[in-house]
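After the structure tokens below, expect a handful of questions from me.
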Amino acid sequence: MADKKAQLIIEGSAPVELPVLTGTVGPDVIDVRSLTATGRFTFDPGFMSTASCESKITYIDGDKGVLLHRGYPIEQLAEHSDYLETCYLLLNGELPNQEEKARFVSTIKNHTMVHEQLKSFFNGFRRDAHPMAIMCGVVGALSAFYHDSLDINNPRHREVSAMRLIAKMPTIAAMTYKYSMGQPMMYPRNDLNYAENFLHMMFNTPAEIKPISPVLAKAMDKIFILHADHEQNASTSTVRLAGSSGANPFACIAAGIAALWGPAHGGANEAVLNMLDEIGSVENIDKFVAKAKDKNDPFKLMGFGHRVYKNFDPRAKVMKQTCDEVLAELGINDPQLELAMKLEEIARNDPYFKERNLYPNVDFYSGIILKAIGIPTSMFTVIFALARTVGWISHWKEMLSGPYKIGRPRQLYTGHPQRDLPADRD
Ligand code: CMC
């Protein structure tokens, strides 16, 4: 909706009038689309001041620590919903009724297995390959298996691809783990719920099928909910950009997985645990906090800070509570956890972190829970990717369901102007 106007005054030129768009909530947005007709562009590296799209899926108020999916607060979803219901909500815009939920869950269950041939892709990887490297390759390779649903202009095909991706991600994620362990890959079990089935495929073997702890399955489900979507973050924007060229959904999600892998984004949960290992003990915290504050040192406190949340990360709040529950259930007294809590306390009271609004983010606590559940550090980002797949695919579907243009940013060119090759060349 545009009822206000902004005026851009550029020295020596006539003022340019720009519409100001108003969302349902959140700040007004200056629509600069007409600027290109004046021969000028905006410059905003890192998209600090740029809305790349219009969306109805997720809303974040970083100052107030608010995160809403289709209007519902993340705290309520984490407490009273479950992951598959949240998936339905993100994909379809409304919570399902009982019948819709049962049909959705059943459809997801019908797609949990992967083609047997997909297993052979794993053999091409070294056993010590990072699971995210395998995920990028294997998820991208799904495009070679589902030619029946790759017409991105067909809403039914988009729907089927979305279901396949949500259903198969836990299977593929667990396969990467089993491959690294040299253990047989486990088939999914459709009598279990989404989180239980994932833990079954991760930790059971054909020789020994142990029951899945309901507390751990619940915690896993919460981790999935808390990572399900986060509006236009780096990986989601990557998926949208890849999708805007008409690429198939499996290729787009593989691009999202690649973007998520970086330590500034989804790779942070793994980096938190590696950092805690490096710090080693409580006595070393001060030294590492000083390193994080030193502008000549690239070291950052992993799990602290966020581009959007400048007060607190609402996901971190829920995660901290889940963390306490899981550790109590498992009776874990982990010195690394004690170290993490001490680090949190010191950093939160340090003027450097306070002035810059650097609070623990979701990844600070999720790594600790995942470790307690018995998931190896290298799998942490894989679990983030599994959970975020629904967010990526919801944004991809939203973009394709309306008018869209190929994403093609411009640049401020600061290289050589045109010049000629030396005259002595033939
Ligand atoms: N440790 C030390 N200093 C930091 C940290 C940190 N973790 N994060 C930001 N700063 C400083 C930064 O050096 C800068 O200082 P100055 O103003 O003196 O130059 C100031 O705080 C502002 O930081 P920024 O880098 O401009 O902020 P950004 O919005 O570009 O980056 C971030 C956000 C998440 C990439 C960054 O805070 C970071 O690298 N954090 C550690 C990695 C991490 O935990 N990432 C997970 C994010 S949550 C999960 C997800 O959504 O993917």
Side-chain angles (χ1 to χ4, degrees), residues 44-50 57-63 65-67 69 74 132 223-239 256-276 278-279 285-320 340 343-370 377 380-392 395:
D44 185 21
F47 299 106
M48 301 285 287
S49 304
T50 297
I57 301 174
T58 290
Y59 173 74
I60 301 175
D61 183 331
D63 294 329
V66 169
L67 168 60
H69 291 323
I74 189 67
M132 283 297 276
I223 291 181
F224 291 157
I225 296 176
L226 293 173
H227 286 91
D229 190 41
H230 215 225
E231 53 116 306
Q232 313 309 324
N233 54 81
S235 56
T236 304
S237 300
T238 300
V239 170
I257 294 172
L260 185 77
W261 193 358
H265 191 8
N269 51 15
E270 179 178 348
V272 169
L273 267 277
N274 293 339
M275 176 190 73
L276 292 175
E278 207 187 330
I279 296 177
I285 292 180
D286 287 344
K287 195 173 89 198
F288 279 87
V289 169
K291 257 167 86 66
K293 293 178 348 188
D294 180 356
K295 290 289 153 214
N296 298 315
D297 190 323
F299 176 79
K300 281 188 173 176
L301 277 194
M302 287 294 133
F304 282 80
H306 198 274
R307 167 61 62 82
V308 185
Y309 296 121
K310 299 300 177 196
N311 193 340
F312 67 93
D313 180 341
R315 303 167 302 169
K317 265 195 168 175
V318 181
M319 203 63 99
K320 187 171 176 7
L343 176 66
E344 181 199 344
E345 187 193 318
I346 292 177
R348 287 184 86 144
N349 291 310
D350 188 296
Y352 172 96
F353 288 86
K354 277 165 87 173
E355 279 157 21
R356 289 170 179 75
N357 298 316
L358 300 169
Y359 296 87
N361 57 48
V362 67
D363 287 332
F364 188 73
Y365 302 106
S366 66
I368 294 163
I369 307 179
L370 292 173
T377 319
F380 290 4
T381 315
V382 171
I383 286 168
F384 194 157
L386 181 175
R388 182 56 59 86
T389 295
V390 68
W392 290 331
H395 283 271

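Just follow the structure's listing: the first ligand is 1, and inside any ligand the first atom is 1. Computed over heavy atoms, backbone and side chain alike; hydrogens, waters and symmetry mates excluded.
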**OP:** Check the pair Y309, Y359 against ring pair (Phe, Tyr, Trp, His ring centres under 6.0 Å), reporting the backbone distance first and the verdict last.
**Re:** CA-CA 8 Å; Y309 296 121; Y359 296 87; over 10 Å; no
**OP:** Take M302 and E278 through the side-chain contact (heavy atoms from CB on, under 4.5 Å) test and state the conclusion after the steps.
**Re:** CA-CA 12 Å; M302 287 294 133; E278 207 187 330; over 6 Å; no
Original post:
Would a 4.5 Å heavy-atom cut-off, applied to side chains only, mark N311 and D63 as touching?
Top reply: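 Answer no - side chains too far apart.
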Ligand 1: which protein N/O atoms lie under 3.5 Å from its N/O atoms?
unit_1: ligand 1; atom_1: 1 (N); unit_2: L301; atom_2: N; d: 3.1
unit_1: ligand 1; atom_1: 3 (N); unit_2: Y352; atom_2: OH; d: 3.0
unit_1: ligand 1; atom_1: 7 (N); unit_2: L301; atom_2: O; d: 2.7
unit_1: ligand 1; atom_1: 7 (N); unit_2: F304; atom_2: O; d: 3.0
unit_1: ligand 1; atom_1: 13 (O); unit_2: K295; atom_2: NZ; d: 3.0
unit_1: ligand 1; atom_1: 15 (O); unit_2: K295; atom_2: NZ; d: 3.2
unit_1: ligand 1; atom_1: 15 (O); unit_2: R356; atom_2: NE; d: 3.3
unit_1: ligand 1; atom_1: 18 (O); unit_2: K295; atom_2: NZ; d: 3.2
unit_1: ligand 1; atom_1: 18 (O); unit_2: R356; atom_2: NE; d: 3.0
unit_1: ligand 1; atom_1: 18 (O); unit_2: R356; atom_2: NH2; d: 3.0
unit_1: ligand 1; atom_1: 25 (O); unit_2: K300; atom_2: NZ; d: 3.4
unit_1: ligand 1; atom_1: 29 (O); unit_2: R307; atom_2: NE; d: 2.8
unit_1: ligand 1; atom_1: 30 (O); unit_2: R307; atom_2: NH2; d: 3.1
unit_1: ligand 1; atom_1: 40 (N); unit_2: F304; atom_2: O; d: 2.9
unit_1: ligand 1; atom_1: 44 (O); unit_2: G303; atom_2: N; d: 2.8
unit_1: ligand 1; atom_1: 44 (O); unit_2: N361; atom_2: ND2; d: 2.9
unit_1: ligand 1; atom_1: 45 (N); unit_2: A264; atom_2: O; d: 3.1
unit_1: ligand 1; atom_1: 52 (O); unit_2: H265; atom_2: O; d: 3.4
unit_1: ligand 1; atom_1: 52 (O); unit_2: H265; atom_2: ND1; d: 2.5

Original post:
Any side-chain heavy-atom pair from F353 and I346 closer than 4.5 angstrom?
Top reply: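 Result no, sub-4.5 Å side-chain heavy-atom pair not found.
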Original post:
How about L343 and L276: do any of their side-chain heavy atoms sit closer than 4.5 Å?
Top reply: yes
**OP:** Just jot down the ring-ring contact (aromatic ring centres under 6.0 Å, His included) partners of H227, sequence neighbours excluded, or say none.
**Re:** F384
